[in-house]
Amino acid sequence: MRKPRSAAVRLAGAGTALALAAGLATGCSGQSQVSSIGYGVDAVITTYNGGTTLGASSGSAAVFQRVLTGFFYTGPDGQQVADTDVGTAKEVPGESQTIQYRLNPDGVYSDGVPTSCDDLVFTWAARSGRFTDGPVPLFDAADTAGYRDIERIDCQPGSKDATVVFRPDRRYLPWRTLFAAGELMPSHVAARETGVAGVVSAVQDGDREAIGKLADFWNNGWTLTQGELDPARFPSSGPYRVESFTPEDGLVLVANERWWGNAPETGRIAVFDKTTDLKAKVEDNSISVLDVGAGSVAELNLDGFSSGTVPGRGAEQLILATGGVFGSPAARRGFAHCVPRQALYNELGKAADVPSTGLGAGPLNSLITQQDSLYYGASTAAAAGPFEVTDTNAAKSGFAGVADPVVRIGYLAPDERRARTVAAIAESCKAAGITVVDAGATDFRPNQLTDGGVDAILASTAGAPGPAGSLTGVAATSAWRTGSGVDFGRFGNGRYDAIVDQLAADTDSTTQLNLLTEAENLLWAEMPGIPLFATPRVIAFGNGLRHGVAGPTQGGTGWNMDRWVLTR
C-alpha cells in the first residue's frame, strides 16, 4: 500500500523547499472537504498515449501519471520513483543486463482486465523501432531510448512476470525510465479493437499484418477529442480514470473503483489544459492548483493562492529546421549570434529566487545537460562562449549570400512570455538584416517545423509547450538523435548518436565528462537548437489546498494529485 505522498504543502525542486500557508486553517469549524479540485496546466490534452510523438510533445505525462501507472513515475525533482503498488522491477545478475519485472497480483484495469506482461511486450514493440515499413517506423514513437537496446522480453501471455534481457553489447543505465507512468498502455484494448488474437504471440512471431494493425491503433486509437469519448478505449491502471472530456468541464478524472492501492483523497479532478482560458478559470474559482510557465498567462491574478516561481527542468529553447533558411550550420550559427540570450534570461527567464549556481542561475548553455549537473560548467564553457553576447557581424556572415532572410518562429499561443521572447529576438536580429516573424498560433503543433510551415519552434524540451524535463534527461538527448520522433528539425549526426548511446552505458565520470564536452562542441557547431534558459514555472495552490507539491518537471505538479485535499 502506498504511503501518502506528502504531509505538507510545499514547493520542491531547484534545491529549494518553500513552505506555503495553504490549508493551515483546515481544522477551523465550518470548513468541509470539497469533492472536486480543478487543475490548470499548460500541457495540451491530445492523446492518452504518452509514448507517441504527439503525446510526448504535448505533455501527456503531466496529466496521466495517476491514470496510467507504471513501474516508475517522475517525482517532483525530476527523479524516477518506484511505484510499488504497480509492481517491482529489479536488476538481476546475468551475462547481459537483465531486469525482472513483477506486476502486483491485485493489479487490474478499471474495465476488469488484469494487468499483465502483455502490456510490457506491447510497449516494447512500439518503442523499439524494430518494426518498419521500409525505412519508416510503423509505430510513431517519441523516441526509442533504452527500448531499442532490449533483445527480448520473456513473457507468458497473461502472466504477471516478465524478464527483460538487453542485447549482449548494450547496457542502459537509466532503465528506470522504461515501462513508466503515462506510457505503459493497455494491450488488451489494442488487441480487441484491432481483432489481433494475441499481442505477445504477434510480436514474438513477427506477424507483420497483426503488428501493422496494432501500430495503427497505438498511433491513433487513443486520440482524445473533446465531446467524443468512448470509455471502453480508456481503461485506467491508477487511482483515477477518465470520465469525460468537454470544453466546459475539461478532462474529468474520477476515482477508479478498481484501484487496489490507497484510494484517492478527492474523488474528482478536473484538468484544464493550455487550450482553456486559464485566467478565466482561476477567476471563477474553477482551478485550485495551477502549473504554468512564468509570464505565459497575461494579467494572471493569484490572490487567494500560495504561489511561487521556480526554475523548471525543461529547457526553454529554439528548435531550428535543418532545411530552408536554416539549411546550413553557418546560417543556424548566424541566427544564434543575434539571439540575445542574456537579455532574454534577465527579462523573461529568471525565477523569483535566483540561485548563485545551479538550475536557473543564468542563461542556459546546453540543450542536453542540466545546470545543476556536476558536468555542466566544464562541458559547456568553451562551446557556448562565442554565443554569450550578440554579434551582428557574425550574424550577417552566417547568412552570407542569402538575400533578406526571414525566420518564422512558431509556438503554441496564447503565451505572453513567448510572444515577448519572439519580439525581443526580432528586434535584436533586425540589425543583422534578419526578419523574424511571430508565427505563434492556437493550433500550433511541433510537426509544423518538420513540414516546413515554420523555421523554428519556441518551446521547452522536445517541443513541449508546458511541463518538461527530468533528472535523467532522456527526452533532452533523444530530441537530437537521428530518426527520433521528437527530432522535429530532422537533425542527424552519427557521432552524436554514438555519444548518446555511450553516455547511457558508461558510468565512468571521466568518460562522461569527455563525452558530454564532445557533444556540446558538436551541438554548438551544428546548432540544431539554441538553449535560452531553464523554463521558470509558476506553481500555485489555492487557499485550503493540502498535500500539493510543486513538480517543475515533465510529470508536472499533478504527480501526486491523488493525495490532494481541498477544504473550504
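With hydrogens and angles disregarded, no donor-acceptor distance shorter than 3.5 Å links the side chain of Ser484 to the backbone of Ala479. Between the side chain of Ser60 and the backbone N or O of Gly182 there is no donor-acceptor pair closer than 3.5 Å. Using modelled atom types, no side-chain atom of Thr84 and backbone atom of Gly87 make a donor-acceptor pair closer than 3.5 Å. With Thr177 contributing its side chain and Pro174 its backbone, the two residues share a donor-acceptor pair below 3.5 Å. Tyr345 places a side-chain N or O within donor-acceptor distance of the main-chain N or O of Gly360, the cut-off being under 3.5 Å. Judged by distance alone, with hydrogens and angles left aside, the side-chain atoms of Gln512 form no donor-acceptor pair with the main-chain N or O of Thr507 at under 3.5 Å. For the pair Asp119 (side chain) and Pro186 (backbone), a donor-acceptor distance under 3.5 Å is absent. No side-chain donor-acceptor contact under 3.5 Å links Arg490 to the backbone of Thr450. No donor-acceptor distance shorter than 3.5 angstrom exists from the side chain of Glu151 to the backbone of Val165, with no hydrogens or angles considered. Judged by distance alone, with hydrogens and angles left aside, the side-chain atoms of Arg313 form a donor-acceptor pair with the main-chain N or O of Asp77 at under 3.5 Å.
With respect to Asp133 and Arg208, no salt bridge is recorded, no charged nitrogen being found less than 4.0 Å from a carboxylate O. A salt bridge between Arg333 and Asp391 is absent, with no side-chain N of the basic residue lying under 4.0 Å from a carboxylate O of the acidic one. The pair Asp154-Arg152 counts as a salt bridge, with a side-chain nitrogen and a carboxylate oxygen less than 4.0 angstrom apart. Remark: Arg148 engages Asp501 in a salt bridge, criterion side-chain N to carboxylate O under 4.0 Å. Salt bridge present: Arg537 and Asp42 bring a charged side-chain N and a carboxylate O closer than 4.0 Å.
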Take Asp487 and Arg481 through the test salt bridge (charged side-chain N to carboxylate O under 4.0 Å, His left out) and record every step on the way to the result.
CA-CA 7 Å; Asp487 176 18; Arg481 199 179 193 282; over 6 Å; no
Run the numbers on Leu214 and Leu138 for side chain to side chain contact (heavy atoms under 4.5 Å, CB included), then give the verdict.
CA-CA 9 Å; Leu214 292 170; Leu138 291 175; over 6 Å; no
For Leu344 and Ile425, run side chain to side chain contact (heavy atoms under 4.5 Å, CB included): C-alpha distance rounded to whole Å, both residues' side-chain angles, the deciding distance at 0.1 Å, then the answer.
CA-CA 9 Å; Leu344 291 174; Ile425 294 171; 4.1 Å; yes
Does the side chain to side chain contact (heavy atoms under 4.5 Å, CB included) test come out yes or no for Trp124 and Leu178, once each step is laid out?
CA-CA 9 Å; Trp124 169 54; Leu178 307 178; over 6 Å; no
For Trp480 and Val500, run side chain to side chain contact (heavy atoms under 4.5 Å, CB included): C-alpha distance rounded to whole Å, both residues' side-chain angles, the deciding distance at 0.1 Å, then the answer.
CA-CA 10 Å; Trp480 315 107; Val500 170; over 6 Å; no
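No side-chain heavy atom of Glu183 sits under 4.5 Å from any side-chain heavy atom of Leu68. Side-chain contact between Ile45 and Ser58: absent, with no pair of heavy atoms (C-beta onward) separated by less than 4.5 Å. Using a 4.5 Å heavy-atom threshold, the side chains of Val86 and Phe72 count as separate.
For Phe326, the ring-ring contact (aromatic ring centres under 6.0 Å, His included) partners at least two apart in sequence or on another chain are Phe335. Looking at residues two or more places apart in sequence or on another chain, you find a ring-ring contact (aromatic ring centres under 6.0 Å, His included) between Phe139 and Trp218. Partners of Gln342 according to the side chain to side chain donor-acceptor pair (under 3.5 Å) rule, which considers only residues two or more places apart in sequence or in another chain, are Asn346. In this view, Thr123 and Arg127, Tyr147, Phe179, Leu184 satisfy the side chain to side chain contact (heavy atoms under 4.5 Å, CB included) rule, not counting sequence neighbours.
How far CD of Gln97 is from CG of Asp149: 8.5 Å, rounded to the nearest 0.5 Å. From Asp140, atom CG reaches atom CG of Leu54 across 8.0 Å, with rounding to the nearest 0.5 Å. Interatomic distance, CG of Asn49 versus CE of Met185, reported as 4.0 Å (0.5 Å rounding). The distance from the CG atom of Asp455 to the CG atom of Leu318 is 11.5 Å, given to the nearest 0.5 Å. Between atom OG of residue Ser96 and atom CD1 of residue Ile150 there is a gap of 12.0 Å, rounded to the nearest 0.5 Å. Taking CD1 from Ile434 and NE2 from His337, the interatomic distance works out to 10.5 Å, rounded to the nearest 0.5 Å.
Looking only at atom types and distance, the side chain of Ser237 has a donor-acceptor partner in the side chain of Thr69 under 3.5 Å away. Using modelled atom types and a 3.5 Å distance limit, the side chains of Thr163 and Gln100 yield a donor-acceptor pair. A donor-acceptor contact under 3.5 angstrom links the side chains of Thr482 and Asp497, judged on distance only. With hydrogens and angles left out, the side-chain atoms of Asp291 and Thr557 include a donor and acceptor closer than 3.5 Å. Under the 3.5 Å distance criterion, with hydrogens and angles disregarded, a donor-acceptor pair is assigned to the side chains of Asp118 and Ser116. Using modelled atom types, one finds no donor on one side chain facing an acceptor on the other under 3.5 Å when comparing Asp415 with Ser296. Under the 3.5 Å distance criterion, with hydrogens and angles disregarded, a donor-acceptor pair is assigned to the side chains of Thr74 and Gln80.
Residue pairs satisfying the salt bridge (Lys or Arg N to Asp or Glu O under 4.0 Å) criterion with at least one member in residues 504-523, sequence neighbours excluded, are listed as follows: Arg495-Glu518.
Across all non-hydrogen atoms, the minimal contact from Ala550 to Pro76 is O-CB, 3.3 Å. Taking each heavy atom of Gln554 and Ala61 in turn, the nearest pair found is O-CB, 3.5 Å. In plain terms, the two heavy atoms of Ala395 and Ala432 that are nearest each other are CB-CB, 3.7 Å. Taking all atoms of both residues into account, the shortest heavy-atom contact from Ala462 to Ser57 is O-CB, 3.8 Å. Across Ala56 and Val486, no two heavy atoms sit closer than the pair CB-CG1, 4.4 Å. Smallest separation of non-hydrogen atoms from Arg102 and Asp161: NE-OD1, 2.7 Å.
Remark: aromatic rings of Tyr48 and Phe64 are close, center separation under 6.0 Å.
A side chain to side chain contact (heavy atoms under 4.5 Å, CB included) with Pro552 holds for exactly one of Val310, Thr309, Val538; it is Val310. When each of Asp438, Ile530, Ile319, Leu532 is tested with Leu458 by the rule side chain to side chain contact (heavy atoms under 4.5 Å, CB included), just one qualifies, namely Leu532.
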Could you list the donor-acceptor pairs under 3.5 angstrom formed by side chains in residues 378-387, with sequence neighbours left out?
unit_1, atom_1, unit_2, atom_2, d
Ser379, OG, Tyr375, O, 2.7
Ser379, OG, Tyr376, O, 3.2
Thr380, OG1, Tyr376, O, 2.8

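Between Phe166 and Tyr172, the ring planes lie parallel to each other; the angle is under 30°, not in the 30° to 60° tilted range.
More than 12 heavy-atom neighbours from other residues, nucleotides or ligands sit within 6.0 angstrom of CG on Leu513.
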